[in-house]
Amino acid sequence: MNSHHFTVKLKESSQEIALSRPVTVRELLQMVVAQLKENEPIVGARVDSKELVDLFHLITGPCEVEFVTISSPDGLRIMRHSASHVLAQAVQELYPDARLGIGPATEEGFYYDFLVARPFSPEDLEKIEKRMHEIVKADYSFERQTMKKEEAIRFFEERGERFKVEIIRELEDAEVSIYKHNGFVDLCRGPHVPSTGFIKAFKLLSSSGAYWRGDEKRDMLQRIYGTAFSTHEDLKKYLDFLEEAKRRDHRVLGRELDLFSIQDEAGAGLVFWHPRGSVVRKIIEDLWKEEHIKRGYHLIYTPHIARIDLWATSGHLDYYRENMFSPMEMGEVTYQLKPMNCPFHILIYRSRVRSYRDLPLRFAELGTVYRFERSGVLHGLLRVRGFTQDDAHVFLTEDQLEKEIRDILFLMKGFMNVFGFQEFEVYLSTRPSKFVGSPESWDLAEKILAAALENAGFKYSVDPGEGVFYGPKIDVKVKDAIGRAWQTTTIQVDFNLPERFDLHYAAPDNTMKRPIMIHRALFGSLERFFGILVEHYAGNFPVWLAPEQVRTIPLKDDVVPRAQEITNDLKAAGLRVHLDARNETLSYRVREAETQKIPYVIVIGPREVESGTVAVRKKGGKGVETQSYAEFKEKVLKEAKIPEIITPQEQ
RNA sequence: GCCUGGAUAGCUCAGAGGUAGAGCACCUCCUUGGUAAGGAGGUGGUCGUGGGUUCGAUUCCCACUCCAGGCUCCA
């Protein structure tokens, strides 16, 4: 194509290579391989810091090339994608009737969807995995080939691959690429590793149904999930991580620690907070209320139902109906259980004339809402049908928006830090295709949100077009103790509801102006956040949150009075403490306290009574330490102190 | 909602077309203990709900309810 001379720059060494003809990445690699520091296989390259390509890619002009090693995030992606092809080959060999869906790499592995007569059983997966190992071991080369679109359609039609044909028809390019290895052919954009032997350590994890293109009206395919790593150690680490996540499952811990339950008899997705869970919730609620009052929020309470007309005005009947419980007809009037708190807060705003002097006006409520989530998506405390949002609505002017958003972000960070969440993933979602309000006001609001994020010192990524129809939003995910990201905070700007409810305030020039509204929830919901906390702490709540902070164990009957005395004293000091004077051995009672994840166990025997000490066993610590009772009490009281939320204004 | 797999004692689970089992938990008694399960005995189940097949169903069939894992991270 291009017979001119050109140079290619290598990113890591800044070395420039003069070329007189187009070369593939593989050829380029061979020219410079001796100089590379990497002792790991190279599986691809990033061109001009943009396009990720494999070794088949032809370089036709000047560019900058960065080689991608197999263990880098890009390299893993390439390798996992190749692993999905190996999976597809194994499946087609073992089940010739299987038709191919798609098989991409994911963040943690890969999957491939197949149309098969019979879903895969665990034994099938074993067989498939075994065949995959053989294919990997044989080290078949991948080959890339391009085809004219028409040709490709014929090719895949002949093979009965109707899903592939559908994909090709939708592509705009005149040519498509296919990848082959050992006779297996798949439509694929690539990139791929040079040969199957590059897939070092992999495992199939599960199979499940998945609709073709996520559309429940179309074919149900069978998806096989797997993961792959560049070393067996990394694979093992990942599998251990999955085990660890299982151990932290809040549904299991919730029962074992007697925190909450969800009961068939009452209904799916409806949460019962047991005493031990309720204690934690109360601490969080009290802290939340206190810290909001300090920052100029007004606490309010609103009803759980309202006349359905209110939901027509708010637009929920048009936009949210399928998630709402059915209306309740009571004679002349029909009522609706609330799926959101906003219309209620608006009614309070509108209950009198507001002045610019009142703004920003902040209403906060731990508001319980009910949403009819589809049965298949319910999951422990994380996805439920009745939950309490830590909700607030701020009514304000455009000028006030930036600072208010910034303050909300600071408050969010302050709360999250207290629970040990230090890392955040922040997303700014911008104008979707369907939206209300003017494009200008959207652009401005997006700019303001971006400025607030930057001024508050948050790194964020933009999700273009992912905003809600009524305004742009910021979503925050927190990273837990084992690195999982959980969606919690959401901050949404709303141009729509102030319009629908015809809200206004008296401006300095005595004209009536329309306020803007912010919806925000920091924890999201108390149920969900509590579930996240259980997993984050693995049930080991810090002393200030622990349902039971101290358990007192008298060694034998004649020291019970002293143990009772100490228990009463700690209780009077405000601690959550229980006496376990049951007729069981010491070991037995210690074990139970340990499995109940109680932070402190104190044992009192004759020795301790004599010396005014307690034998302290700290959860997660090693061994027992005898210390004076006064010393112990002081230490625990210090740890039990409810932390304050620190935000920049107060520093 | 859809797919697959489930539902047996409070929990974890075994079981078979013919009167229902274990361990833990719980209760009682013995044991009075030094840091993760002392011993013995006992209570406890309409085998998820409703229907069908059968002389007989918890077991086989159907429907429903609920639970688990999934249901675009787009060749």
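The sequence lines fix the lettering, A, B, ..., with proteins before strands; numbering per chain opens at 1.
- Residue contacts shown for I553(A) are absent, as no nucleic acid heavy atom lies under 4.0 Å away.
- A salt bridge (charged side-chain N to carboxylate O under 4.0 Å, His left out) check over residues 143-157 of chain A, counting only residues at least two apart or in different chains, returns the pairs K148(A)-E175(A), E157(A)-R169(A).
- Between the CZ atom of R77(A) and the C1' atom of A75(B) there is a distance of 14 Å, given to the nearest Å.
- The backbone N or O of D74(A) sits nowhere less than 3.5 Å from a side-chain atom of R46(A) that would complete a donor-acceptor pair.
- One can place CD1 of I598(A) at 15 Å from P of A36(B), the figure rounded to the nearest angstrom.
- Here I102(A) lies in heavy-atom contact (under 4.0 Å) with sugar-phosphate atoms only.
- Closest-nucleotide positions on RNA chain B for Q222(A) and E592(A) were compared, and the one nearer the 5' end corresponds to Q222(A).
- On the P atoms, G48(B) is 16 Å away from A16(B), given to the nearest whole Å.
- Here U46(B) sits opposite no nucleotide as a Watson-Crick or G-U wobble pair (both hydrogen-bonding atom distances under 3.5 Å).
- F469(A) and Y319(A) have their aromatic ring centers within a separation under 6.0 angstrom.
- The residue among L221(A) and G269(A) whose nearest nucleotide of RNA chain B is located toward the 5' end is L221(A).
- Closest approach to the P104(A) side chain among C73(B), A36(B), G69(B) is made by C73(B) (side chain taken as heavy atoms from C-beta onward).
- Pair assignment for U53(B): none, as no Watson-Crick or G-U wobble contacts are both less than 3.5 Å.
- Comparing the same atom, C1', in C2(B) and in C47(B) gives a spacing of 29 Å after rounding to whole Å.
- Counted by atom type alone, S177(A) and T146(A) present zero donor-acceptor pairs between their side chains at under 3.5 Å.
- Summarising the geometry, the separation between CZ on R562(A) and C1' on U32(B) is reported as 20 Å, rounded to the nearest angstrom.
- No side-chain donor from either of N323(A) and Y370(A) sits under 3.5 Å from a side-chain acceptor of the other.
- Using a 4.0 Å heavy-atom criterion, one finds that Y225(A) contacts the sugar-phosphate atoms exclusively.
- Ion pairing of D173(A) with R189(A) is absent here, as no side-chain N (NZ or NE/NH1/NH2) approaches a carboxylate O to less than 4.0 Å.
- G39(B) sits 10 Å from A25(B) when the P atoms are compared, rounded to a whole Å.
- Counting to the nearest Å, the C1' atom of A68(B) and the CZ atom of R383(A) are 16 Å from each other.
- Dashed line: the shortest gap from a side-chain N or O of R551(A) to OP1 or OP2 of A36(B) is not under 4.0 Å.
- More than 12 heavy atoms of other shown residues, nucleotides or ligands fall within 6.0 angstrom of atom CZ in R582(A).
- Comparing the C1' positions of C73(B) and C13(B) gives an interatomic distance of 37 Å, to the nearest angstrom.
- Among the atoms of the strands shown, only primed sugar atoms or phosphate atoms (P, OP1, OP2) are found under 4.0 Å from some heavy atom of R223(A).
- Contact check on R26(A) versus D54(A) returns no salt bridge, with no Lys/Arg side-chain nitrogen under 4.0 Å from an Asp/Glu carboxylate oxygen.
- Nearest nucleotide to the side chain of I167(A), out of A37(B), A75(B), C67(B): A75(B).
- Nucleotides G50(B) and U58(B) have their P atoms positioned 10 Å apart, rounded to a whole Å.
- With a cut-off of 3.5 Å on both pairing distances, A16(B) has no Watson-Crick or G-U wobble partner at all.
- In summary, the side chains of E639(A) and Y600(A) do present a donor paired with an acceptor at a separation below 3.5 Å, with no hydrogens or angles considered.
- Within residues 80-93 of chain A, no residue has a heavy atom under 4.0 Å from RNA chain B.
- Sorted by first then second residue, the salt bridge (charged side-chain N to carboxylate O under 4.0 Å, His left out) pairs that include residues 82-110 of chain A, not counting sequence neighbours, are E93(A)-R131(A).
- When the side-chain nitrogen and oxygen atoms of K164(A) are compared with OP1 and OP2 of A75(B), none of them lie within a distance under 4.0 Å.
- Closest approach to the A210(A) side chain among C71(B), C74(B), U32(B) is made by C71(B) (side chain taken as heavy atoms from C-beta onward).
- Side-chain atoms of T552(A) do not come within 3.5 Å of backbone N or O of A563(A) as any donor-acceptor pair.
- We find that CZ of F110(A) is positioned 16 Å from P of A75(B), with the value rounded to whole Å.
- No hydrogens or angles considered: nothing links the side chains of E535(A) and W486(A) as a donor-acceptor pair under 3.5 Å.
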Letter by letter from the 5' end, nucleotides 8-14 of chain B scores (B base, S sugar-phosphate only, - none; protein heavy atoms under 4.0 Å) ---SS--
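- Using a 3.5 Å distance cut-off with no hydrogens or angles, the side chains of T585(A) and S587(A) do not pair a donor with an acceptor.
- A 6.0 Å sphere centred on CD of E610(A) holds no more than 12 heavy atoms belonging to other residues, nucleotides or ligands.
- With both ends at atom C1', the span from G44(B) to U28(B) equals 15 Å, rounded to whole Å.
- Side-chain N/O atoms of E631(A) and Y629(A) include no donor and acceptor closer than 3.5 Å.
- A donor and an acceptor atom, one from each side chain of Y225(A) and R223(A), are located under 3.5 Å apart.
- The base-pairing partner of G23(B), taking Watson-Crick or G-U wobble contacts with both distances under 3.5 Å, is C11(B).
- For C74(B), there is no paired base (Watson-Crick or G-U wobble, both distances below 3.5 Å).
- The base-pairing partner of U59(B), taking Watson-Crick or G-U wobble contacts with both distances under 3.5 Å, does not exist among the strands shown.
- Nucleic acid contact for E108(A): none, since no nucleic acid atom lies under 4.0 Å from a heavy atom of the residue.
- We find that OH of Y111(A) is positioned 7 Å from P of U72(B), with the value rounded to whole Å.
- Of the residues in residues 582-590 of chain A, R582(A), N583(A), E584(A), T585(A), L586(A), S587(A), Y588(A), V590(A) come within less than 4.0 Å of RNA chain B through at least one heavy atom, sorted by number.
- For C67(B), neither phosphate oxygen OP1 nor OP2 lies less than 4.0 angstrom from any side-chain nitrogen or oxygen of R251(A).
- For the contact set between residues 600-619 of chain A and RNA chain B, defined by any heavy atom under 4.0 Å, the members are V603(A), G605(A), P606(A), R607(A), E608(A), A615(A), R617(A).
- Remark: aromatic rings of F260(A) and F272(A) are distant, center separation not under 6.0 Å.
- The C1' atoms of U8(B) and C66(B) are separated by 16 Å, rounded to the nearest whole Å.
- Judged by Watson-Crick or G-U wobble contacts below 3.5 Å, the nucleotide U4(B) has A68(B) as its partner.
- Side-chain proximity of L187(A) to the nucleotides U32(B), G70(B), A75(B) is greatest for A75(B).
- Rounded to a whole Å, the CD1 atom of I262(A) is 16 Å from the C1' atom of U65(B).
- One atom, CG of L171(A), and another, P of A75(B), lie 9 Å apart when rounded to the nearest Å.
- No side-chain donor from either of H181(A) and H85(A) sits under 3.5 Å from a side-chain acceptor of the other.
- Considering only side-chain N and O atoms, H379(A) lies under 4.0 angstrom from the phosphate OP1 or OP2 of G69(B).
- Straight-line distance between the C1' atoms of C26(B) and A9(B): roughly 11 Å, to the nearest whole Å.
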